[in-house]
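This structure is a prediction, so every number in the text was calculated from the model and none was measured. Below, chains carry the letters A, B, ... as their sequence lines are ordered, and counting in each starts from 1.
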Amino acid sequence: MRIATFNVNSIKVRLPLLLGWLKQAAPDVVLLQEIKVETEKFPRTDIEDAGYNLAVVGQKTYNGVAILSKFPMTVELDCLPGSPGGEEQSRYVEAVVDAGAHAVRVASIYLPNGNPVETEKFPYKLGWMERLRAHAATLLRHEEILVLGGDYNCCPTDLDVYDPVGWANDALCRPETRQHFRALCNLGFTDAVRALDPSPHLYTFWDYQAGRWQRDQGLRIDHLLLSPQAADRLMAAGVDKTPRGFDRPSDHTPAWVELAV
DNA sequence: ATGCCCCCGGTTCGGGGA
């Protein structure tokens with residue numbers, strides 16, 4: 001089973017690119033972020049015609065996540081548990097994919113950016129990361145094949161940034177952000193892409209500005225975290241850079257894992 | 001040093017992204 005995560009930066013604008021990529025890459029499960037559309041306005045039939053079942057948690061203008069699956073799936077959660085005042089931002093959807101002999105639990109995650117760090121946005125991000133860690137700890141007790149994938153808005157180490165010094169005080173690279181990400185991993189998750197490829201320039205995001213893509217000045221912020229049961233089945237993982245080079249691209253490109261399921 | 005570019009809503013500009 002191949003599972004990919006892709007921040008599309010607007011499903012409306014990216015629909016042709018996404019459909020072309022789905023046909024070419026043929027992933028079994030796709031975790032989408034930043035669909036930027038209300039649930040009712042998601043281009044459902046286009047995706048279903050491409051052979052995928054759908055779970056959509058949208059909102060107007062910002063955020064929004066979805067799960068595409070060639071296998072039947074059951075939606076389990078449409079927000080991250082533990083929000084103090086209810087969830088107003090669509091950043092989390094979780095489902096169980098029924099692959100016949102095995103069930104695979106997946107979540108599509110759009111973690112808050114957190115900039116500027118001197119505003120309330122940064123503590124909001126860290127609080128969200130703490131809630132994610134708490135929920136992930138609960139999920140691990142099920143001992144399932146589990147994949148938490150998405151845009152984590154976190155560069156785990158300096159190896160994941162084209163200019164670590166310049167980005168040191170950014171919310172994506174701050175020590176607190178990295179500490180929270182490590183705390184999540186240290187529950188027992190495997191950062192699949194990094195586990196199989198220690199090389200630099202393993203980026204998943206390149207800013208539209210300043211020719212960052214052309215210069216390969218990117219960030220690795222999209223991750224697929226595997227439970228021990230999923231990691232034991234890890235066959236391959238990587239970043240598919242091709243969609244970033246297409247016309248009218250997202251600023252992100254997909255990361256993917258292949259599990260022996 | 002700053003902004004570059006892109007998307008959104010709904011206008012020709014501001015908010016947000018990372």
Side-chain angles (χ1 to χ4, degrees), chain A residues 5-18 21 31-43 56-66 87-92 108-129 132 149-178 180-181 193 200-223 239 241 243-255:
Chain A
T5 181
F6 190 8
N7 179 325
V8 290
N9 186 15
S10 167
I11 188 67
K12 287 183 189 171
V13 174
R14 227 61 66 198
L15 186 60
L17 183 150
L18 178 63
W21 178 73
L31 313 171
L32 297 181
Q33 300 87 36
E34 283 208 90
I35 59 174
K36 293 187 174 179
V37 74
E38 289 159 291
T39 303
E40 315 79 61
K41 294 185 177 173
F42 189 94
V56 180
V57 178
Q59 91 179 62
K60 197 173 183 177
T61 311
Y62 304 119
N63 311 314
V65 288
E87 198 76 272
E88 68 286 348
Q89 301 181 21
S90 299
R91 296 182 175 275
Y92 187 90
S108 179
I109 293 164
Y110 179 46
L111 216 143
N113 174 300
N115 281 306
V117 290
E118 66 274 12
T119 68
E120 75 288 346
K121 293 186 176 205
F122 191 51
Y124 177 75
K125 172 182 193 162
L126 298 180
W128 209 96
M129 296 184 86
L132 178 59
D151 177 357
Y152 280 77
N153 271 314
C154 172
C155 303
T157 74
D158 280 354
L159 194 63
D160 303 308
V161 195
Y162 69 94
D163 177 11
V165 174
W167 281 78
N169 201 36
D170 191 279
L172 279 60
C173 298
R174 280 286 292 261
E176 301 95 320
T177 303
R178 289 177 168 175
H180 278 73
F181 185 79
V193 171
H201 288 259
L202 199 58
Y203 305 134
T204 64
F205 167 90
W206 298 259
D207 199 299
Y208 288 121
Q209 303 181 71
R212 296 290 182 227
W213 165 248
Q214 289 77 7
R215 302 174 186 201
D216 194 23
Q217 296 176 330
L219 309 171
R220 194 177 75 90
I221 54 177
D222 300 273
H223 310 298
V239 175
K241 287 175 71 172
R244 187 61 179 81
F246 291 163
D247 285 338
R248 292 201 85 182
S250 170
D251 39 9
H252 296 249
T253 210

| Quiz item: A:Asn113 side-chain donor-acceptor pair to B:dA18 base, under 3.5 Å | yes
Using the [atom1] atom as the reference point in each nucleotide, state the distance between [N] and [M] in Å, no decimals.
{"N": "B:dT2", "M": "B:dT12", "atom1": "P", "value": "28 Å"}
{"N": "B:dC6", "M": "B:dG10", "atom1": "P", "value": "23 Å"}
{"N": "B:dG17", "M": "B:dC4", "atom1": "C1'", "value": "14 Å"}
{"N": "B:dA1", "M": "B:dG14", "atom1": "P", "value": "26 Å"}

Under 4.0 angstrom, heavy atoms only, what part of the nucleic acid is [X] near: base, sugar-phosphate, or nothing?
{"X": "A:Asp222", "value": "nothing"}
{"X": "A:Lys121", "value": "sugar-phosphate"}
{"X": "A:Tyr110", "value": "sugar-phosphate"}
{"X": "A:Arg212", "value": "nothing"}
{"X": "A:Asn63", "value": "nothing"}

| field | Among B:dC8, B:dC4, B:dA18, the one nearest A:Ala210 by side-chain distance | value | B:dC4
| task | Evaluate the ring planes of A:His223 and A:Tyr152, with Trp represented by its six-membered ring, and classify them as parallel (under 30°), tilted (30 to 60°) or perpendicular (over 60°). | result | tilted
| task | Verify the ring-centre separation between A:Phe6 and A:Trp21: is it less than 6.0 angstrom? | result | yes
| message | Measure CD/A:Gln59 against C1'/B:dC7 and give the value in whole Å, please. | response | 14 Å
| request: Report the base-pairing partner of B:dC4 (Watson-Crick or G-U wobble, both distances below 3.5 angstrom), or none. | output: none
| task | Under the side chain to side chain donor-acceptor pair (under 3.5 Å) rule, collect the residues that match up with A:Asn63, sequence neighbours excluded. | result | A:Gln59, A:Arg91
| Reading nucleotides 10-15 of chain B from the 5' end, what letters show protein touch, with B for base, S for backbone sugar-phosphate only, - for no heavy atom under 4.0 Å? | ------
